[in-house]
Amino acid sequence: MSDDVKDTPEEFDGSETIELGPENIIRRRAPNEENEDSQPEGISDDSSGEEPKENFETAPTGDFPSFPGRIPSVQMPLMDDSAESLKKLTYEPPSQLVDKEEVENPEATGSPVDGGFGNRRYLIFLTILILTGFLAWIFPDPGWRPKEAMVDSQMEIGSGAKSEAQQLETVTTMLYVPDKNVSNLEIIEHPVNMPQELEGKIRIVLEGLFADSNAQNVIFPKGVEVRGVYVYKSTAAISLGGEFRKVFHVGARTELLAVYSIVNTVCHNFKQIKQIRILVDDVEEEIFVSHVDISRPLGVDNTFVVKTKKSVKKTSSTNVKPESKKETVSGGKHGG
Amino acid sequence: MMTLRQLSLFLLVALAMFAGDVSAQAPARSNTVPQESNDSSNMAPEEETDIEVVEEYVPSRQYAVVLDPGHGGHDLGVRSSKSQLEKSIAMKLASAIRSKIRNKYANVTVHLTREGDLERSLLRRLEFANSKKADLFLSIHTSGGFSPQSLPVDIFIPGNSTRASAEEWVALNRPYKNKNKLFAKSLSRHLQSVVKGRDIEIVASDRLMLEGLAMPAAMIEPLDLSNPQDEMLIENDSYINQIASAIAKGIIDYLGVRDPAPEPEESNE
């Protein structure tokens with residue numbers, strides 16, 4: 001009888017129904033049953049010297065409470081010589097009642113115990129997963145950024161392609177356009193529908209600047225094409241189609257106005273952009289057309305920006321600096 | 001012993017002061033050297049002497065001026081509605097200025113960056129001026145745009161370079177920051193009486209390839225080819241001559257060259 005009791009745990013794997021005799025039936029306590037002792041009697045007292053089998057109760061046939069979430073019981077004969085004499089019982093081994101030997105050395109018994117060791121394994125796995133995530137958060141891959149930051153920091157080729165899925169938002173942009181005398185730049189408001197990505201936004205703003213519909217566009221010839229916008233960190237590379245050069249026969253002032261109309265407009269509307277590298281047909285050029293050096297990125301220059309009623313009202317004072325690099329002598333007074 | 005040490009220290013200090021005094025007087029003594037050794041080419045002071053000091057205190061030395069007629073060759077520049085080209089007008093102006101200076105001031109040599117309808121890159125023009133060790137550089141252009149509005153007469157001077165300090169050539173003009181302004185003001189002063197009804201603006205810009213010039217430099221656009229009124233005036237050669245005279249006076253005035261004294265040297269051609 002005692003052999004039967006000791007061997008029974010080998011047969012339990014949580015999905016079995018074991019036929020047990022009246023003496024060697026293991027009683028597993030249901031979770032909602034009243035707990036008389038702090039530990040199950042069957043496993044707690046190896047040192048007491050009592051036979052474990054005597055501590056087990058005989059389970060009542062057929063009315064063993066079912067455990068929620070358990071796999072349905074299966075009838076399975078016990079591999080025992082006295083199987084014929086055993087009463088058929090539906091038995092479901094709960095996780096709490098496990099032979100001590102099995103807990104200490106589950107491999108020795110050859111029985112996988114899902115309740116104890118499985119949970120621990122799961123917990124270890126979960127801890128490693130959390131740790132890995134935490135480390136990845138602290139030490140991110142330099143090439144990796146969240147989606148928003150990626151738009152700002154990565155150079156994306158062909159970003160001008162407008163996808164239909166892009167969500168548009170209406171934004172009021174500020175354009176640096178020539179004033180009435182076409183000798184300086186003034187700032188006007190220009191509402192546009194913008195996509196989400198930064199490159200797309202820059203392209204939209206520039207297209208508004210070059211548009212024929214823009215009445216104040218008198219420094220750019222018709223049909224200036226924005227071939228591409230590439231953003232790398234705080235520098236935006238703007239590639240213009242080279243066709244405009246064939247008809248862009250202007251003096252140094254108008255050329256400077258054109259260049260800084262682009263540079264100031266982009267830098268004004270996108271604070272993360274600090275400088276602009278102008279490319280022509282995707283190629284780095286030394287000279288814009290005839291006079292202006294574009295071999296290096298250009299930052300904002302307000303030399304030619306005048307304060308207008310519009311710009312004073314609708315732009316912050318920090319964006320329009322007083323002219324400091326220019327001295328004017330009125331020729332009208334001295335003209336002979 | 002103590003007195004000997006003190007004496008030797010005193011002697012050393014006195015010697016050093018004496019040496020300093022002698023070196024300060026040295027440039028004044030060498031003033032005559034460039035004049036004797038140089039003919040029509042630009043002055044080339046002795047390598048050992050401090051060039052700047054020599055240039056400051058020479059009363060009547062040789063001056064070199066580089067005039068840069070803008071554009072050229074395939075680069076036509078601005079085109080007026082009457083098919084006048086910037087490159088031709090710039091050349092005409094530069095030649096007129098040169099002849100005016102040559103005729104009056106024998107000690108001022110004028111070099112042109114291009115002689116004829118040649119295409120030269122901006123960098124090559126700068127290189128040419130630096131190689132001549134000129135006292136002055138003036139680039140001559142005309143203005144123009146897509147609007148018939150009259151543009152101001154622009155005098156551009158090199159601005160504070162915002163480029164990387166690694167590019168040493170852009171720092172060449174830094175010592176001449178104030179001289180650039182003085183030169184531009186001199187030009188403006190003389191042009192006021194010629195340009196009618198147009199403002200004159202002095203604009204500092206670091207984007208016109210002037211920062212690489214190791215001399216006071218400016219770029220001028222005295223005529224507006226997109227303005228109908230200026231187009232009419234340009235057809236008249238006398239107007240171009242007036243402009244050329246004003247610019248020549250501005251150059252001479254800035255250089256501080258006195259009217260030619262009756263030197264025993266060659267008279268005007």
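Quick note on labels: first sequence line is chain A, next is B, and so on, each numbered from 1.
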* To do: Keeping the roles fixed (side chain from A:Ser290, backbone from B:Gly77), state whether a donor-acceptor pair exists under 3.5 Å.
  => no
Rounded to the nearest 0.5 angstrom, the CD-CG distance for B:Glu201 and A:Asn184 is 6.0 Å
B:His71 and A:His291 side chains, donor-acceptor separation under 3.5 Å
yes
Applying a strict 4.5 Å limit to non-hydrogen atoms, the region of B:Leu208 in contact with chain A is both
By residue number, those in residues 215-231 of chain B with heavy atoms under 4.5 Å from heavy atoms of chain A are B:Met219, B:Glu221
Value for CZ (B:Arg207) from CG (A:Asp293), rounded to nearest 0.5 Å, stands at 5.5 Å
* Answer yes if the ring centres of B:Phe146 and A:Phe220 are under 6.0 angstrom apart, and no otherwise. => no
For residues 182-222 of chain B, the ring-ring contact (aromatic ring centres under 6.0 Å, His included) pairs (sequence neighbours left out) are B:Phe183-B:Tyr254
Bottom line for A:Leu256: the part with an atom under 4.5 Å from chain B's heavy atoms is side chain
Value for OG (A:Ser183) from CZ (B:Arg198), rounded to nearest 0.5 Å, stands at 11.0 Å
Honestly, the part of A:Val247 sitting under 4.5 Å from a heavy atom of chain B is backbone
Across all chains, not counting sequence neighbours, the side chain to side chain donor-acceptor pair (under 3.5 Å) partners of B:Ser245 are B:Lys100
Exceeds 12 heavy-atom contacts within 6.0 angstrom, atom CD of A:Glu243: no
Distance col, row B:Leu123:CG vs A:Ile287:CD1, nearest 0.5 angstrom, shows 7.0 Å
Show, in sequence, the C-alpha distance, side-chain angles and deciding distance for B:Val203 and A:Arg253, and conclude whether the side-chain contact (heavy atoms from CB on, under 4.5 Å) test is met. CA-CA 9 Å; B:Val203 183; A:Arg253 172 179 282 260; 4.1 Å; yes
Taking every heavy atom of A:Val250 against every heavy atom of B:Val78, the minimum-distance pair comes out as C-CG2, 3.3 Å
Distance col, row B:Asp206:CG vs A:Arg296:CZ, nearest 0.5 angstrom, shows 12.5 Å
Salt bridge (charged side-chain N to carboxylate O under 4.0 Å, His left out) pairs touching residues 242-256 of chain B, sequence neighbours excluded, are B:Arg189-B:Asp253
Residue from B:Ala184, B:Ser143, B:Pro152 scoring the most non-hydrogen pairs under 4.5 Å with chain A is B:Pro152
